[in-house]
2 protein chains.
Amino acid sequence: MEIARKILVVDDESDILDFITYNLKKEGYLVATAFNGAQAIEVSKTFKPDLILLDVMMPVMDGIETCAHIKSLPEFAKTFIVFLTARSEEYSEIAGFQAGADDYIAKPIKPKVLITRLNAILRRKDKEETASTKLVVGDITIDRDSFLVYRGSDKIQLARKEFELLFLLASKPGKVFTRDFILEKVWGDEVLVVDRTIDVHIRKIREKLGDDYIGTVKGVGYKFEI
Amino acid sequence: MEIARKILVVDDESDILDFITYNLKKEGYLVATAFNGAQAIEVSKTFKPDLILLDVMMPVMDGIETCAHIKSLPEFAKTFIVFLTARSEEYSEIAGFQAGADDYIAKPIKPKVLITRLNAILRRKDKEETASTKLVVGDITIDRDSFLVYRGSDKIQLARKEFELLFLLASKPGKVFTRDFILEKVWGDEVLVVDRTIDVHIRKIREKLGDDYIGTVKGVGYKFEI
DNA sequence: TTAATTGGTTAACATTAATTTAACCCTGTC
DNA sequence: GACAGGGTTAAATTAATGTTAACCAATTAA
């Protein structure tokens with residue numbers, strides 16, 4: 001069974017809060033609410049939401065401030081923040097992004113759109129599984145945001161499959177991933193490719209990164225060398 | 001010292017007009033009133049309000065028409081319009097946003113709520129005005145006010161979609177934006193355009209700015225190169 | 001008003017890069 | 001020396017994007 005997702009909704013208007021809460025609960029989400037930024041931070045500490053839905057416009061501490069604050073706390077690195085913005089506030093798009101928001105939804109809120117969007121956003125979050133979008137292992141840094149890999153300060157460009165494959169291996173350094181597992185994660189269930197395909201991709205990664213990062217365990221699979 | 005903010009209140013019921021005016025004046029706002037849309041437009045021309053509080057439901061020319069009309073006049077581009085709506089009107093049904101409204105307040109009006117919200121809205125407006133609407137990334141400056149882009153000191157004109165697209169990418173330089181995300185943000189939910197449309201716009205931007213600013217990540221999306 | 005211009009979209013085609021395959025190579029093991 | 005299990009390479013294939021031109025709608029100029 002799937003674990004219910006936790007969403008914290010923050011708005012100073014109780015009408016909107018109720019309206020959103022109602023719709024989210026109906027959809028099966030666990031919902032907590034807060035009336036302002038300070039409260040939001042407080043509640044987050046115990047509720048540990050997967051996602052925070054944050055109204056940009058709030059008295060006292062507005063959404064952007066709140067977002068910047070929350071994102072500065074390491075414990076919330078994995079928490080997605082989505083803004084609710086009035087349609088005309090383009091300004092908040094930039095300011096919001098710069099404050100570290102992950103997405104935004106424009107008011108007025110239509111229930112269907114809200115739900116669809118949140119589902120999509122959470123699915124994306126799942127997929128990225130990222131936590132922080134940066135994964136650091138030894139002198140290798142893998143950045144999902146920019147789709148770049150760094151060896152020390154050298155920037156290295158990988159193709160998509162190479163990137164996903166490296167990302168998978170690096171997500172658990174030292175662990176051996178079987179070919180089957182790799183196929184399933186990087187290629188998906190339906191895709192059927194020949195075994196040698198993985199080898200070729202591994203080779204290309206080695207070519208670009210150097211030979212010392214990915215190890216072969218004969219008869220089992222590949223691993224990221226610690 | 002701060003300059004007093006000017007608010008124009010528009011409602012066909014003089015009771016409500018008086019009530020709101022009283023509360024706003026007490027708070028230190030400069031207030032003008034109008035009984036209908038036509039009058040509102042007339043008064044706005046000389047009074048130049050920072051914000052217009054507009055009842056949705058009015059005889060003759062209703063709030064939505066009025067709003068659309070006012071927003072179509074360039075001199076009022078920076079004027080905020082806030083609707084007064086009856087509680088029963090679902091958020092989803094508020095057509096006001098399509099007409100360009102910036103926010104809304106639900107009736108019945110509680111003085112405290114009214115003041116708090118208006119303060120918040122005006123505070124945001126302040127921020128938008130002072131916070132330069134300029135986004136600077138490397139030698140590119142993007143100015144939302146004038147809809148202009150500068151490369152160094154060269155002025156470059158982009159068409160609307162090109163501008164929005166560049167603006168989105170530049171709001172998180174380095175981050176890769178997927179095509180889906182771009183479509184959603186620049187074109188909106190309902191609009192359905194073909195994939196190649198994005199490419200064409202990207203091409204036009206590159207044509208005008210140069211090839212080095214927007215990068216392609218095959219299979220993923222586009223990014224603004226840092 | 002019509003004509004001209006601009007912006008946005010699409011379709012068709014070209015180009016490029018990513019991905020996969022196939023063929024062959026190497027190394028160790030039994 | 002013949003598997004088994006990968007490694008390597010280049011060629012073939014496919015997918016993704018780039019490019020151009022044409023079309024239409026909206027706007028502006030004449």
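This is a predicted model, so every value here is computed, not measured. Worth knowing before you read on, the calculation uses all heavy atoms, side chains too, and leaves out hydrogens, waters and symmetry mates.
- Residue A:A159 places its side chain closer to C:dA18 than to any other of C:dT21, C:dT9, C:dA18.
- Under the 30°/60° scheme for interplanar angles, the aromatic rings of A:Y104 and A:F97 are found to stand perpendicular.
- Taking atom CZ of residue B:F147 and atom P of nucleotide C:dT6, one finds them 18 Å apart after rounding to whole Å.
- Residue A:H201 contributes atom NE2, which lies 7 Å from atom C1' of C:dA18 at whole-angstrom precision.
- In this structure, B:L166 and B:F224 have side chains that are in contact, with non-hydrogen atoms separated by less than 4.5 Å.
- For A:T197 and C:dT21, the shortest distance from a side-chain N or O to OP1 or OP2 is below 4.0 Å.
- Going from atom CZ of B:F163 over to atom P of C:dT6 covers 19 Å, rounded to whole Å.
- No cation-pi contact links A:R206 to A:Y213, judged by a cut-off of 6.0 Å to the six-membered ring centre and 45° from its axis.
- At whole-Å resolution of the value, CG in B:L165 and C1' in D:dT17 are 14 Å apart.
- Of the candidate nucleotides C:dT9, C:dT21, C:dT19, C:dT9 has the atom nearest to the side chain of B:K204.
- What you find for A:K208 and A:E162 is that their closest heavy atoms are NZ-OE1, 2.9 Å.
- Proximity of A:W187 to the phosphate of C:dT19: no side-chain N or O atom is located under 4.0 Å from OP1 or OP2.
- If you find the closest nucleotide of DNA chain C to A:K208 and to B:V194, the one lying nearer the 5' end belongs to B:V194.
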Detail all sub-3.5 Å separations between protein N/O atoms and N/O atoms belonging to nucleotides 5-9 of chain D.
unit_1: D:dG6; atom_1: OP1; unit_2: A:G219; atom_2: N; d: 2.3
unit_1: D:dG6; atom_1: O5'; unit_2: A:R179; atom_2: NH2; d: 3.2
unit_1: D:dG7; atom_1: OP1; unit_2: A:R206; atom_2: NH1; d: 3.4
unit_1: D:dG7; atom_1: OP1; unit_2: A:T216; atom_2: OG1; d: 2.7
unit_1: D:dG7; atom_1: OP2; unit_2: A:Y222; atom_2: OH; d: 2.6
unit_1: D:dG7; atom_1: N7; unit_2: A:R196; atom_2: NH1; d: 3.0
unit_1: D:dT9; atom_1: OP2; unit_2: A:R203; atom_2: NE; d: 3.3
unit_1: D:dT9; atom_1: OP2; unit_2: A:R203; atom_2: NH2; d: 2.8

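- Computed from coordinates, the A:L166 CG to C:dT19 P distance equals 14 Å when rounded to whole Å.
- Computed from coordinates, the B:L192 CG to C:dG8 C1' distance equals 15 Å when rounded to whole Å.
- Among the candidates A:L135, A:I140, A:D154, the single residue satisfying the side-chain contact (heavy atoms from CB on, under 4.5 Å) test with A:V149 is A:I140.
- Using cut-offs of 30° and 60° on the angle between ring planes, the pair B:F177 and B:F181 is tilted.
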